[in-house]
Amino acid sequence: GGSTVPQLRCEVVVRSPQFRSTFTYTFRCRAEDRQCSLTTSGSEDGEFVRVSVALALAVACGYHREDWGRLVALLHRRTLVAVLRADNCFYSQAAYLSLRDLQPSPETLRAVPRFNTEIRNKDGSIGKTGLGSSASLVTSLVGAVLQYMEVVSLPRSDSAVTSDGVHREDIGLTHGVAQLAHCVAQGKVGSGIDVCTAAFGSGVYTRFTAALLQPALEMVCRDGGWGGRFRSSFEHRSALIQLIDVFFFAVALVRWMDIKVNPNALPANK
């Protein structure tokens, strides 16, 4: 049974077909003190991916803090696989069109295959459109981990975001963890509107007070400042987290965040 497992271990694989990248991590959590670590086990690493996975798993372990057996059942000796697919609107499609001698136009852009993988320019660069791709990545990845770990139950339709109070509460928790992860990964407290939009959809947004994230910064960053790196253990590129503190902070963050989101939508065909 789970009570006989002193330390759970699982592998986490995050694939990005569009970037032709695969990120692999080893996650561990000790039964004795509920401390966990996420260690890069492959040749590739991405700050936004690593921080999102680490914090989401830490929050999940804190959520199941009284049920070690459930954590073991969900994670021990398992391989969690996430595949990232970004909408074409997040990246320039110039490379795809150029390869086919096509000129950019509404018609040619609509004909580009969904989740197009041919987005690298000849010099290897990828042009972003500035619509919040990193925020969408973080929010989606955090939500996927929390959903699998039975922390939240996220809606499968946009209508449930505002009409279902239970779903909205779970989206709120996902949003709080994603805001924390995004700020830690980018090394600063941004406006938060891109993460909020990724979680709740379009709306009129009033920013939260940046000082609310300071306690979390002290918990998960070295040297107590945004210039510090994500807290590491003795292993290279690993994240050591007091998971129960992180979980309770994430829950409190949702309640304290003084954001206001009023659902809004543009008229059809605009």
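Heavy-atom neighbours of E32 CD from other residues, nucleotides or ligands within 6.0 Å: at or below the threshold of 12.
Under the 4.5 Å side-chain heavy-atom criterion for Ile, Leu, Val, Met, Phe, Trp and Tyr, V13 and V138 are members of distinct hydrophobic clusters. Following chains of ILVMFWY side-chain contacts shorter than 4.5 Å, one can reach F27 starting from W68, so the two form part of one hydrophobic cluster. The hydrophobic cluster containing L137 does not contain F19, counting ILVMFWY residues as joined when their side-chain heavy atoms lie under 4.5 angstrom apart, directly or transitively. F90 and V142 fall into different hydrophobic clusters, where Ile, Leu, Val, Met, Phe, Trp and Tyr side chains are chained together by heavy-atom contacts under 4.5 Å. A continuous path of ILVMFWY side-chain contacts below 4.5 Å connects L154 to L84, so both sit in one hydrophobic cluster.
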| field | From CA spacing to verdict: side chain to side chain contact (heavy atoms under 4.5 Å, CB included), L55, L180 | value | CA-CA 9 Å; L55 287 180; L180 173 58; 3.9 Å; yes

| message | As a quick check of understanding, evaluate side-chain hydrogen bond (donor to acceptor under 3.5 Å, both in side chains) for N88 and Y96, giving each step before the final call. | response | CA-CA 11 Å; N88 291 344; Y96 178 91; over 6 Å; no

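Rounding to the nearest 0.5 angstrom, the gap separating the CD atom in E47 from the CG atom in D45 is 7.0 Å. The SG atom of C29 sits 9.5 Å away from atom CG of L57, with the distance rounded to the nearest 0.5 Å. Between L97 atom CG and S92 atom OG the span is 8.0 Å, to the nearest 0.5 Å. Rounding to the nearest 0.5 Å gives a distance of 10.0 Å between OG of S16 and CZ of R85. Put simply, CZ on R50 and OG1 on T40 are 5.0 Å apart, with the number rounded to the nearest 0.5 Å. Once rounded to the nearest 0.5 Å, the distance linking CD of Q103 with OG of S98 reads 9.0 Å.
For the pair Q93 and L109, the minimum side-chain heavy-atom distance is below 4.5 Å. Between S41 and E11 there is a side-chain heavy-atom pair separated by less than 4.5 Å. Side chains of I171 and P155 form a contact here, defined as non-hydrogen atoms less than 4.5 Å apart. Side-chain atoms of T24 and V12, non-hydrogen and from C-beta on, never get closer than 4.5 Å to each other. Between Y148 and L80 there is a side-chain heavy-atom pair separated by less than 4.5 Å. The shortest side-chain heavy-atom distance between V14 and V53 falls under the 4.5 Å cut-off. Looking only at side-chain heavy atoms (C-beta outward), F48 and Q186 come within less than 4.5 Å of each other.
When all heavy atoms of Q179 and G192 are compared, the pair lying nearest together is NE2-O, 2.9 Å. Of all the heavy atoms in R120 and A95, the pair that sits closest is O-CB, 3.2 Å. Contact record, L146 with A56: CD2-O, 3.5 Å, taken as the closest heavy-atom pair. Between G62 and R65, the closest heavy-atom pair is O-NH1, 2.9 Å. Smallest separation of non-hydrogen atoms from G143 and T174: CA-CG2, 3.7 Å. V195 approaches A178 most closely through the heavy-atom pair CG1-CB, 3.8 Å.
Remark: side-chain polar atoms of S125 are not paired, donor with acceptor, to backbone N or O of D123 under 3.5 angstrom. No side-chain donor-acceptor contact under 3.5 Å links H182 to the backbone of G190. Checked by atom type and distance alone, the side chain of D67 pairs as donor or acceptor with a backbone atom of R70 at under 3.5 Å.
At a threshold of 4.0 Å, the pair E118-R100 counts as salt-bridged, since one of the basic side-chain nitrogens sits closer than that to a carboxylate oxygen.
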Under 3.5 Å, side-chain donor or acceptor atoms of residues 71-79 against the rest of the protein: list the pairs with distances, not counting sequence neighbours.
residue	atom	partner	partner atom	Å
H76	ND1	R9	N	3.1
R78	NE	A73	O	2.8
R78	NH2	A73	O	3.3

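When only modelled atom types and interatomic distance are considered, T139 and S136 share no side-chain donor-acceptor pair under 3.5 Å. Of the N and O atoms on the side chains of T117 and Q18, not one donor lies less than 3.5 Å from an acceptor on the other residue.
A centroid separation of 6.0 Å or more is found between the aromatic rings of F115 and Y91.
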